[in-house]
There are 2 protein chains.
Amino acid sequence: MPTMTAAQKRAQAKAEYDAFLANCPSRQLLDRISDKWVALVLAALGSDCPHPDGAGEPRSMRYSELSRQLAGVSQKMLTQTLRSLERDGLLTRTVTPTVPVTVTYELTNLGLSLHGLMRGLKVWAETNMDDILTNREKYDTTGGAT
Amino acid sequence: MPTMTAAQKRAQAKAEYDAFLANCPSRQLLDRISDKWVALVLAALGSDCPHPDGAGEPRSMRYSELSRQLAGVSQKMLTQTLRSLERDGLLTRTVTPTVPVTVTYELTNLGLSLHGLMRGLKVWAETNMDDILTNREKYDTTGGAT
DNA sequence: AGTGCCTACTTCCCGTCGGAGAGTTACCCA
DNA sequence: TGGGTAACTCTCCGACGGGAAGTAGGCACT
């Protein structure tokens with residue numbers, strides 16, 4: 001690939017994002033979205049469960065609502081996760097000056113496109129839990145006691 | 001849930017797996033698969049790229065091969081990740097007593113079912129990298145300097 | 001015989017990250 | 001003035017990940 005304009009190079013670079021490479025930006029992105037709380041936040045911010053096949057529409061949720069739904073998340077991690085997702089443009093943060101201030105979060109279109117995958121992960125985990133548990137038992141019994 | 005056989009309880013538990021609950025086993029599973037290295041290992045252990053639309057067949061790879069492909073992974077994390085994936089029955093570990101011992105890893109059917117999702121994540125990251133980068137710039141410029 | 005090397009780990013040290021929980025701000029109402 | 005609530009923010013600390021060096025054991029070369 002010798003003679004090439006900058007634009008062409010850029011276009012090719014875009015096409016060549018490869019998360020397998022340590023220094024590729026997409027690696028950092030994959031790292032960020034490969035996160036328990038990111039997955040759960042994105043899964044939560046779609047419809048609850050009405051459309052198991054379709055992706056589901058974005059659903060705006062309040063901070064406290066998310067905190068309740070994602071049982072066990074610390075406030076620190078929830079805030080931190082939401083901030084990074086907002087920064088990446090996956091969701092929007094809206095402050096409404098009500099009695100005590102109300103903050104709502106809602107998926108953007110970009111976020112919605114990830115939502116499908118994340119919901120897929122969640123569903124996969126719930127679906128294959130039994131198999132996994134069985135495999136673990138087998139592994140621990142068979143190979144565990146060397 | 002008073003009178004119930006163990007089998008009934010198990011059946012109900014299966015139906016009620018919900019990764020949103022902190023104490024649900026599927027939460028732990030989601031936590032485990034929401035991992036940078038897990039995602040990359042699973043993505044790597046499918047065909048390289050020949051069938052961008054189809055999932056791709058499982059491809060057995062050697063330890064050193066994985067180590068090379070997943071640039072930047074520490075041996076410790078690679079071993080650790082592979083072990084946990086083996087324990088969960090997502091891949092098989094095969095030791096061949098060749099010159100220096102050769103260890104190959106290959107996806108099981110269960111692993112293959114996750115492979116699709118992981119590849120999806122990786123592709124998503126590579127595809128939307130530009131948007132994300134743009135959003136970050138915008139965010140850092142707009143909201144960064146309060 | 002001894003030295004070296006190769007693969008696939010394992011061990012140790014240490015910096016960073018996540019969890020727990022208390023504190024803070026801002027506003028309204030009694 | 002005191003209390004209550006939502007959405008954080010701060011602090012401490014233990015656990016986890018990365019880097020690098022050490023290990024096993026079998027062949028190959030000198």
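Heavy-atom basis, side chains included; hydrogens, waters and symmetry copies ignored. Numbers restart at 1 for each chain; the letters A, B, ... are given by sequence-line order, proteins then strands.
In this structure, the CD atom of A:Glu86 is 14 Å from the C1' atom of D:dC8, given to the nearest Å. Put simply, CG on A:Leu78 is 15 Å from P on D:dA6, counting in whole angstrom units. Here C:dG18 presents its P atom at 10 Å from CG of A:Asp31, a figure rounded to the nearest Å. The interatomic distance linking B:Arg68 (CZ) with C:dC6 (P) rounds to 14 Å, in whole Å. When the P atom of C:dG19 is taken as reference, atom CD of A:Gln80 falls 9 Å away, rounded to whole Å.
Judged purely by atom type and a 3.5 angstrom limit, B:Ser34 uses its side chain to pair as donor or acceptor with the backbone of B:Leu30. Counting only distance, with no hydrogens or angles, the side chain of A:Arg27 and the backbone of B:Ala71 share a donor-acceptor pair below 3.5 Å. Between the side chain of B:Ser26 and the backbone N or O of B:Ala19 there is at least one donor-acceptor pair closer than 3.5 Å.
Taking only side-chain nitrogens and oxygens, B:Arg93 comes nearer than 4.0 Å to OP1 or OP2 of C:dC9. Listed pair B:Lys36 / D:dG18 meets the phosphate criterion, a side-chain N or O lying under 4.0 Å from OP1 or OP2. The phosphate of D:dA20 has neither OP1 nor OP2 within less than 4.0 Å of any side-chain N or O from B:Ser74. Contact between the side-chain N/O atoms of B:Arg62 and the OP1/OP2 oxygens of C:dT7 is not found at any separation under 4.0 Å. Within the 4.0 Å cut-off from OP1 or OP2 of D:dA7, at least one side-chain nitrogen or oxygen of A:Ser64 is found.
More than 12 non-hydrogen atoms from other residues, nucleotides or ligands lie less than 6.0 angstrom from CD of B:Glu65.
Comparing C:dC9, D:dA6, D:dG18 against the side chain of B:Arg83 picks out C:dC9 as the nearest. Nearest to the side-chain atoms of B:Tyr63 among the listed nucleotides C:dC9, D:dT5, C:dG18 stands C:dC9. Of the candidate nucleotides C:dG18, C:dC6, C:dA8, C:dG18 has the atom lying nearest to any side-chain atom of A:Lys76. Nearest to the side chain of B:Val103, among D:dG19, D:dA7, C:dA8, sits C:dA8.
One donor-acceptor pair, N or O on each side, does fall under 3.5 Å between the base of C:dA22 and the side chain of A:Gln75.
Each of A:Trp37 and B:Thr104 lies near DNA chain C, and the nucleotide nearest B:Thr104 is the one positioned closer to the 5' end.
The existence of a salt bridge linking B:Lys122 and A:Asp18 is confirmed by a sub-4.0 Å separation between a basic side-chain nitrogen and an acidic carboxylate oxygen.
Nucleic acid contact class of A:Thr102 (heavy atoms, under 4.0 Å, all strands): sugar-phosphate only.
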